[in-house]
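Data first, discussion second: the structure below is written as structure tokens.
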Protein chains: 2
Amino acid sequence: MNRERRALTRAGLKATAARERIFQLLESALPERHHLSADDIYARLRQSGERMGISSIYRVLTDLEDAGLVHRHHFDRHTMGRSLFELADGAEHDHMVCVETGRILEFQDPLIEARQRAIAERHGFEVVGRKLVIRVRRAGADRAP
Amino acid sequence: MNRERRALTRAGLKATAARERIFQLLESALPERHHLSADDIYARLRQSGERMGISSIYRVLTDLEDAGLVHRHHFDRHTMGRSLFELADGAEHDHMVCVETGRILEFQDPLIEARQRAIAERHGFEVVGRKLVIRVRRAGADRAP
DNA sequence: CTTATTGCAAAATCTTTGCACATTG
DNA sequence: CAATGTGCAAAGATTTTGCAATAAG
């Protein structure tokens with residue numbers, strides 16, 4: 001049994017072909033572009049001659065999200081109105097989005113994370129998840145339109 | 001000339017009736033519920049006997065956002081697929097969303113903000129905006145379904 | 001075998017656009 | 001007045017749903 005099926009089963013999901021395949025796609029996405037929309041996935045599948053209903057893709061992604069295997073994002077104007085999904089493997093990380101190019105960088109900062117937990121606790125909550133997106137621009141770029 | 005018209009003009013926008021009114025609505029929204037969707041605004045206007053096209057509301061909100069007077073959010077499953085808008089007055093703040101109730105709390109943390117700037121700079125960027133949403137749950141709540 | 005999942009097509013949102021009319025500076 | 005903004009209705013885009021067929025444990 002492969003890595004994907006194991007992850008699905010461990011998460012309490014039936015290891016179906018569709019789930020396995022989408023999981024693989026997310027895993028194998030290039031580091032520079034591993035935030036995929038439902039449609040990206042649909043297109044990539046078609047490119048390799050496979051066919052999956054777009055509704056199934058949405059359902060699978062939602063299931064994976066519920067199981068904590070995938071994160072869903074709504075970044076910015078650049079991707080507004082569309083969800084982007086990425087694998088939730090390894091450590092949680094946050095995102096920086098360049099408002100000019102739409103480029104997405106990831107980073108990780110233990111201090112910010114600790115601080116978030118502290119703030120939540122102060123209000124009587126525990127952290128379930130976090131989502132930090134810093135909108136940035138190349139330093140020194142002109143502000144004028 | 002009132003506060004709203006002044007803010008609009010200062011931001012380089014024509015002080016139209018629609019913009020002024022929406023600005024007011026956002027200003028006067030209750031602190032506990034000041035994140036309004038386009039439809040919330042539409043409904044509130046109708047309740048007070050006013051009428052404004054939903055498309056105009058979207059256009060106004062987008063204009064206000066572009067002018068930096070309003071922030072647009074996409075919080076969570078609770079509000080997924082819908083944009084929520086809030087006035088961008090005063091200091092920037094971040095949000096905590098309870099995954100169980102959908103309740104939104106705001107907080108402000110200079111340390112996190114400073115850290116964000118530092119991280120952006122480290123990558124050669126400057127911060128244009130930030131959006132931190134911590135998904136939380138009441139501490140001690142059962143994890144089981 | 002029994003239940004959960006998928007495909008398809010249709011529906012449901014939410015948001016944007018085109019164009020004529022109204023308003024603003 | 002010239003330029004911008006607004007209303008309406010219609011189009012777009014993304015995501016969800018109903019239901020019969022299929023696959024998984």
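Note on naming: letters A, B, ... go to the chains in the order of the sequence lines (proteins, then strands), and numbering restarts at 1 for each one.
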(request) State, to 0.1 Å, how close A/H35 and A/H95 come at their nearest heavy-atom pair, and which atoms those are. (result) NE2-NE2, 3.0 Å
(message) Generate the contact string for nucleotides 3-12 of chain C. Rules: B means base contact, S means sugar-phosphate contact only, - means no protein heavy atom under 4.0 Å.
(response) BSSBBBB---
(request) Take the protein atom CD1 of A/I41 and the nucleotide atom C1' of D/dT15, then report the distance between them rounded to whole Å. (result) 14 Å
(message) Please tell me whether A/E86 and A/H71 have a donor and an acceptor in their side chains that are separated by less than 3.5 angstrom.
(response) no
(message) Is there a side-chain contact between B/S83 and the phosphate of C/dC14, meaning an N or O under 4.0 Å from OP1 or OP2?
(response) no
(request) In whole angstrom, give the distance that lies between atom CD of B/E65 and atom P of C/dT16. (result) 9 Å
(message) Output the rounded distance in Å from NE2 (B/H74) to C1' (D/dT14).
(response) 11 Å
(message) For a quick test of reading the model, state the closest non-hydrogen atom pair linking B/A88 to B/V70 and the distance between them.
(response) CB-N, 3.7 Å
(message) Check this one for me: any side-chain N or O of A/Y58 less than 4.0 Å away from OP1 or OP2 of D/dT16?
(response) no
(message) Between B/D40 and B/R33 (salt bridge meaning N to carboxylate O under 4.0 Å), is one present in this structure?
(response) yes
(request) Output the distance between atom CD1 (B/I119) and atom CZ (A/F107), rounded to the nearest 0.5 Å. (result) 4.5 Å
(message) Expressed as a whole number of angstroms, how long is the span from A/R82:CZ to C/dT13:C1'?
(response) 16 Å
(request) Show your reasoning for whether side-chain hydrogen bond (donor to acceptor under 3.5 Å, both in side chains) applies to B/Q47 and B/R44. (result) CA-CA 5 Å; B/Q47 263 186 299; B/R44 288 180 186 210; 5.9 Å; no
(request) To the nearest Å, give me how far apart CZ (A/R5) and P (D/dA24) are. (result) 7 Å
(message) From CG of A/D40 over to C1' of D/dT14, roughly how many Å is that when rounded to an integer?
(response) 13 Å
(request) Determine whether the side chains of B/Q116 and A/D94 contain a donor N or O and an acceptor N or O closer than 3.5 Å. (result) no
(request) Mind listing the closest non-hydrogen atom pair of B/F23 and B/A7 along with its distance? (result) CZ-CB, 3.8 Å
(message) Give me the atom names and distance for the closest heavy-atom approach of B/R103 to A/F125.
(response) NH1-CZ, 4.4 Å
(request) Starting from C1' on D/dT16, measure out to CZ on A/R72 and report it in whole angstrom. (result) 11 Å
(message) So if I take the C1' atoms of five pairs at each end of the helix from C/dC1-D/dG25 to C/dG25-D/dC1 and get each local axis, what angle do the two axes make, rounded to 10 degrees?
(response) 50°
(request) Grab the CD-C1' distance between B/E50 and D/dT6 for me, whole Å please. (result) 15 Å
